[in-house]
Every structure is written in C-alpha cells, then in structure tokens.
Amino acid sequence: MSKNFSFELQHIDKYTGARAGVYHTPHGDIKTPVYMPVGTQATVKGVYPRDLKEAGSQIILSNTYHLYLRPGDELVKKAGGLHKFMNWDRPILTDSGGFQVFSLTKLNKIKEEGVYFNSHIDGSKHLFTPEKVISIEENLGADIIMQFDQCSEYGYTHEQAEAAMNKTYNWLKRCLDAKSRDDQALFPIVQGNMYDDLRMQSLKLAKPHATDGIAIGGLSVGEPKQRMYEILELIRPELPESVPRYLMGVGSPDCLIEGVKRGVDMFDCVLATRIARNGTAFTSNGKAVVRNAVYAEDFTALDEKCGCYCCKNYTKAYLRHLINVNEMLAPMLLSLHNITFLHKLMSDMREAIFADSLNDFAAQFYSEFGKE
RNA sequence: GGGCGGAUUGCAGAGUGGCCAAAUGCAUCAGACUGUAAAUCUGACGUCUCCGACUUCGGUGGUUCGAAUCCACCUCCUCCCA
C-alpha cells in the first residue's frame, strides 16, 4: 500500500460474499461499498461541493484527459492541486484518459508507445503515453490515480481484445515505473473485453501490481447486463481480497446492487448526473421522467422516502416546470437528488452486508424500484 | 370612402400550377442516456381500419388533365391617402 493508504475489510455478507470495508486515504476514510459521483472537469456538474458532502459523497472522480486540455495540469498544480483548486477536501480519483481513447476513438491513433490524438476542442495534436499520463495525474494530485489503459470496444475480435489487453498491461508497468509520488494510490485495470480467457489473463497480470486497489474496466460498454455479471463472477475468485475493487463506469441502481453482490467495492458513473440534466430522476419506485406531462399537476415530492434538499422542498410539478422552461435549477436539484439516491442505496447495502441480509435488501429494493 | 399588401397544418414562417400532408424554427409529446465531446441526442407532431386511404393552405365559385399556388366575388387584417 502507498503511504497513508490502507483497506480494512470489515464484514462479508454470509450469503452473497458482498464486502463492507473502509478505505483509508490521505484525504479521509471511504466507507465501502461506495458510489463515486463524476466531476470530469473538476466539478460535479451543477452541484456545490458543500451539497455533495451533505448528500453523502465521500470521494469524487475527475479526469486526466479533460483537465490536461483545460485548464492544463500545470495550472492545477500551480493552484495548489486539484483538491484546493476545486474546493474539495475529501478524496479524489482521477481517471487516466483511457476511457477517452475509447469514447473519442475517431480522434485518435493507438500505438504501442501511446495514443496520438486530436483534441476534441480545437483539433490540436497530442500524445498520451503512460509516462505522460502519470505526470499529469501527479500534477493534479488526486488520492487515487488510474493507470493509462485501452478500453476495447464491444464487438472487438479476440485478437483485437488481446492486443488491447496486452497494451494495457505494458502500459501498467510503464505507469508504475514513471510514478514518483508515494502519496497516491495507483490502480491497475483489468481488461479483456468479453473474452473469459483474456479477462482471467488480464487479472493475473494486473494482480501482482494491485497493491492499493484494482479496477475492472471495459464493462458496461454495450454488452447485455447479464454478460457483465458473468464476467464479474468469472474473475471474482481471483480478485485480491485485501484491496478495494473498483468497477469502472457502472452505476445504474440495479448494476450497483448486482456489482456489490459480486464483491465490488467501488463504482463511478455519470448516469445519475446525466439523466438528471436530461430530466429523469431515480426514485424508490423506479425511474421517473419528471419532464413528462403526467407530472404537470403532481404536487408531491419526487421521492417521499428521500431526505435530500430537493425532495424536502419541491414538488414534481415545480421540477417539471423548471425543466420545461430550461431553468438551471432543474438539473441542479435533480442531480443532487440522484446522487443522494445512489449514496443512500450504497449505505443501505453496506448496512445490509453487516446484517448478512443483502439478498433480502436487494429483493425488497427491486420489488419497489422494479427490475430493468 | 379610395389605394397597396396580406390571410398556409399550435405559433412564427417558407412555398406562387404537378416532385406538397406542405421547408425551417419554436412550442408540444415521447424515447435514449452507465470510467461525461451530453443542460445532449433521437423520434413523433392533419385524420384514419396507418407500407395505403382520406380531408386540408380565410370563404364561395371558376379556369385546368392537375390549384396552397391562376381568375372572380365575399370576409377579415396591416399600412398609406382622405
């Protein structure tokens, strides 16, 4: 473990094997399982850090690729690091830009040495190598930093997926060699696309380097949910016990539950904040498209069971009105609510794990929320 | 009272003889969204027994194989002159 990091596994649910623990980091403890809101550009879109804390956010994500382009990692360093720059004194995790290689695939060329890409902002040419990415992540100064990886696309052939997986491993070694700070935890990433053998091989390669934690990437990229669950089950027996396991980019309520059941400790996802901005809310009775006409005269709270600022003070009719007239308060309130909802879901699961009743909790949750 | 211009599917506004159920924008309605190029994107938006049929472009009547488009009259509106 890196300096000032340690993972305490507190309890394992007797029936599912789900884990509850505490991850100690330089910026405070993280109770797991945990959902991490995403703040790509050094802000969780539309939510004050003050309110994130109140909602229960213990750690948030930010992004290497985006902050490198704007405002630049050197500037963030000058500002005193990302925590100070964005006024967030709890833990931060920076993603490496590996996902942007995947999502901005038309703008880049992947080579063994790294990824040549054109900025999506102005088209300027750049090169990301594992060394460069680590240098950026050290300048940003997050608590947890991700290795530079290649997230292969759903539909890749075995050969393509194998190449991406090997590249991910080679880049991991280079990231580790390049790493100079001992106060940041580096997570290796398991790739391997939808191929069982590659997933196992990738895990085997990453495992010796998973001293601070381990991430599972390349899932929830278009495959059926069942396939994702199968892969989690496949690799589960070989995942290290003593470090947190992070399933990257996953965060619908059902996927969070199924992930936790399969031994995952950390999740991040843009879904909650994105659908919020697009007028949809998670509620204990399922997703509610607040934008829809049925809520025009619904003067009840979004979720009677939620204690967030939005649910305590506003009606669905009002929220719909705000969405309709394109007022910025709408995405703000819905984002705050959705984040609160997922945090509550995670803390409820954590409690259930301690009580060895995660299965019961899940059944109860699905009976109200519905299964997607 | 005289003259000019105009009246198009919720609104604005194209279209001036067939390719028009009628551009486009807005509004409305619905869907999508999972390590954020996303306050974005997609679809529907006359009616129906909906891969086809029917009724529409202020009203009535005409010209024409064919009219939202041309003609006559009527109704209403803008502006100008008295």
Side-chain angles (χ1 to χ4, degrees), chain A residues 35-47 59-67 69-70 92-108 117-123 133 137 142 144-152 154 168 187-191 213 215-225 228 246-259 264 266-282 287 289-296 319-320 322-335 338 342 372:
Chain A
Y35 160 70
M36 308 181 280
V38 181
T40 303
Q41 310 203 77
T43 171
V44 175
K45 297 182 194 297
V47 187
I59 168 173
I60 59 176
L61 249 70
S62 204
N63 188 276
T64 299
Y65 168 87
H66 289 280
L67 294 182
L69 288 179
R70 290 187 305 197
I92 298 175
L93 180 155
T94 43
D95 186 29
S96 62
F99 185 75
Q100 278 63 45
V101 172
F102 162 80
S103 64
L104 303 173
T105 180
K106 289 167 204 75
L107 296 172
N108 61 49
F117 64 92
N118 291 99
S119 159
H120 70 280
I121 300 159
D122 62 5
V133 165
E137 293 195 279
I144 302 170
I145 61 177
M146 302 306 296
Q147 77 152 105
F148 191 46
D149 68 329
Q150 186 189 345
C151 177
S152 61
Y154 183 55
T168 295
F187 283 26
I189 301 173
V190 175
Q191 288 292 347
I216 303 148
L219 289 178
S220 203
V221 288
E223 78 282 8
K225 287 179 182 178
M228 175 170 84
Y246 164 30
L247 177 56
M248 306 184 77
V250 168
S252 62
D254 57 335
C255 288
L256 291 173
I257 291 171
E258 298 309 312
V264 176
M266 302 167 68
F267 304 83
D268 80 283
C269 197
V270 305
L271 187 67
T273 44
R274 182 178 288 167
I275 66 172
R277 271 176 277 123
N278 296 329
T280 299
F282 294 132
K287 272 200 276 196
V289 183
V290 189
R291 163 171 50 79
N292 286 2
V294 282
Y295 300 111
L319 292 167
R320 175 173 192 273
L322 291 180
I323 294 163
N324 249 307
V325 296
N326 203 24
E327 277 294 337
M328 62 177 102
L329 188 58
M332 290 174 71
L333 288 171
L334 288 182
S335 293
N338 280 350
L342 293 187
E372 295 191 0

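Every chain is numbered from 1, with letters handed out A, B, ... down the list of sequences.
In this structure, A22(B) makes no Watson-Crick or G-U wobble pair, since no nucleotide meets both defining distances under 3.5 angstrom. Pairing for C48(B) goes to G52(B), judged as Watson-Crick or G-U wobble with the two contacts each under 3.5 Å. Across all strands shown, C70(B) forms a Watson-Crick or G-U wobble pair with G62(B), both key distances being under 3.5 Å. Pair assignment for C79(B): G3(B), on the basis of Watson-Crick or G-U wobble contacts that are both within less than 3.5 Å. Figure legend. A30(B) is base-paired to U42(B); pairs are counted as Watson-Crick or G-U wobble with both atom distances under 3.5 Å.
If you look at Phe117(A) and Tyr65(A), their ring centroids are closer than 6.0 Å.
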- [ ] With side-chain hydrogen bond (donor to acceptor under 3.5 Å, both in side chains) as the test, would you mind laying out the steps for Ser335(A) and Asn338(A) before giving the verdict?
- [x] CA-CA 5 Å; Ser335(A) 293; Asn338(A) 280 350; over 6 Å; no
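Comparing the P positions of G6(B) and G1(B) gives an interatomic distance of 23 Å, to the nearest angstrom. To the nearest whole angstrom, the two P atoms, one in A27(B) and one in A37(B), are 26 Å apart. Remark: the separation of the C1' atoms in C41(B) and C50(B) is 27 Å, to the nearest Å. The same atom, P, is picked in G61(B) and in U56(B); the two are 12 Å apart, to the nearest Å. Only the C1' atoms considered, A12(B) is 28 Å distant from G18(B), to the nearest whole Å. Taking atom P in both G52(B) and G66(B), one finds a spacing of 25 Å when rounded to whole Å. Atom name P, nucleotides A68(B) and C33(B): the rounded distance is 43 Å, in whole Å. With both ends at atom C1', the span from A22(B) to G13(B) equals 13 Å, rounded to whole Å.
The minimum heavy-atom distance between Asp268(A) and Tyr246(A), with the atom names listed, is OD1-OH, 2.7 Å. For the pair Gln191(A) and Thr168(A), the tightest heavy-atom approach, listed with the atom from each and the gap, is CG-OG1, 3.7 Å.
Nucleotide A39(B) holds its P atom 15 Å from the CE atom of Met332(A), rounded to whole Å. One atom, OH of Tyr154(A), and another, P of U34(B), lie 15 Å apart when rounded to the nearest Å. Remark: C1' of A32(B) and CZ of Arg291(A) are 9 Å apart, rounded to the nearest angstrom. Per the geometry, CG belonging to Leu334(A) stands 15 Å off P belonging to U40(B), to the nearest Å. If you measure from atom CG of Asn292(A) to atom P of A44(B), you get 18 Å, rounded to the nearest angstrom.
Across all strands, Asn324(A) comes closer than 4.0 Å only to sugar-phosphate atoms, never to a base (heavy-atom distances).
In this structure, Arg291(A) contributes its side chain and Thr280(A) its backbone to no donor-acceptor pair below 3.5 Å.
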Between the protein and nucleotides 35-38 of chain B, are there any N/O to N/O pairs under 3.5 Å, and if so, what are the atom names and distances?
{"from": "G35(B)", "atom 1": "OP1", "to": "Val270(A)", "atom 2": "N", "distance (Å)": "2.8"}
{"from": "G35(B)", "atom 1": "O4'", "to": "Gly249(A)", "atom 2": "N", "distance (Å)": "3.0"}
{"from": "G35(B)", "atom 1": "O4'", "to": "Asp268(A)", "atom 2": "OD1", "distance (Å)": "3.4"}
{"from": "G35(B)", "atom 1": "O4'", "to": "Asp268(A)", "atom 2": "OD2", "distance (Å)": "3.2"}
{"from": "G35(B)", "atom 1": "O2'", "to": "Asp95(A)", "atom 2": "OD2", "distance (Å)": "3.3"}
{"from": "G35(B)", "atom 1": "O6", "to": "Gln191(A)", "atom 2": "NE2", "distance (Å)": "3.4"}
{"from": "G35(B)", "atom 1": "N1", "to": "Asp149(A)", "atom 2": "OD1", "distance (Å)": "3.4"}
{"from": "G35(B)", "atom 1": "N1", "to": "Asp149(A)", "atom 2": "OD2", "distance (Å)": "2.8"}
{"from": "G35(B)", "atom 1": "N2", "to": "Asp95(A)", "atom 2": "OD1", "distance (Å)": "3.0"}
{"from": "G35(B)", "atom 1": "N2", "to": "Asp149(A)", "atom 2": "OD1", "distance (Å)": "3.2"}
{"from": "G35(B)", "atom 1": "N2", "to": "Asp149(A)", "atom 2": "OD2", "distance (Å)": "3.4"}
{"from": "G35(B)", "atom 1": "N3", "to": "Asp95(A)", "atom 2": "OD1", "distance (Å)": "3.2"}
{"from": "G35(B)", "atom 1": "N3", "to": "Asp95(A)", "atom 2": "OD2", "distance (Å)": "3.4"}
{"from": "U36(B)", "atom 1": "OP1", "to": "Asn63(A)", "atom 2": "ND2", "distance (Å)": "3.2"}
{"from": "U36(B)", "atom 1": "OP1", "to": "Asp95(A)", "atom 2": "OD2", "distance (Å)": "3.2"}
{"from": "U36(B)", "atom 1": "OP1", "to": "Gln100(A)", "atom 2": "NE2", "distance (Å)": "3.4"}
{"from": "U36(B)", "atom 1": "OP2", "to": "Thr40(A)", "atom 2": "OG1", "distance (Å)": "3.2"}
{"from": "U36(B)", "atom 1": "O5'", "to": "Gln100(A)", "atom 2": "NE2", "distance (Å)": "3.4"}
{"from": "U36(B)", "atom 1": "O4'", "to": "Arg274(A)", "atom 2": "NH2", "distance (Å)": "3.1"}
{"from": "U36(B)", "atom 1": "O3'", "to": "His66(A)", "atom 2": "NE2", "distance (Å)": "3.3"}
{"from": "U36(B)", "atom 1": "O3'", "to": "Gln100(A)", "atom 2": "NE2", "distance (Å)": "3.2"}
{"from": "U36(B)", "atom 1": "O2", "to": "Arg274(A)", "atom 2": "NH2", "distance (Å)": "3.2"}
{"from": "U36(B)", "atom 1": "N3", "to": "Arg277(A)", "atom 2": "NH2", "distance (Å)": "2.6"}
{"from": "U36(B)", "atom 1": "O4", "to": "Thr273(A)", "atom 2": "OG1", "distance (Å)": "2.6"}
{"from": "U36(B)", "atom 1": "O4", "to": "Arg277(A)", "atom 2": "NH2", "distance (Å)": "3.2"}
{"from": "A37(B)", "atom 1": "OP2", "to": "Ser103(A)", "atom 2": "OG", "distance (Å)": "2.6"}
{"from": "A37(B)", "atom 1": "O5'", "to": "His66(A)", "atom 2": "NE2", "distance (Å)": "3.2"}
{"from": "A38(B)", "atom 1": "O2'", "to": "Arg277(A)", "atom 2": "NH1", "distance (Å)": "2.9"}
{"from": "A38(B)", "atom 1": "N7", "to": "Arg274(A)", "atom 2": "NH1", "distance (Å)": "3.3"}
{"from": "A38(B)", "atom 1": "N7", "to": "Arg274(A)", "atom 2": "NH2", "distance (Å)": "2.8"}

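At least one side-chain heavy atom of Ile144(A) sits under 4.5 Å from a side-chain heavy atom of Ile59(A).
Counting only residues at least two apart or in different chains, side chain to side chain donor-acceptor pair (under 3.5 Å) contacts with residues 92-107 of chain A comprise Asn63(A)-Gln100(A), Thr94(A)-Glu137(A).
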In residues 324-333 of chain A, what donor-acceptor pairs under 3.5 Å come from side-chain atoms, sequence neighbours left out?
none

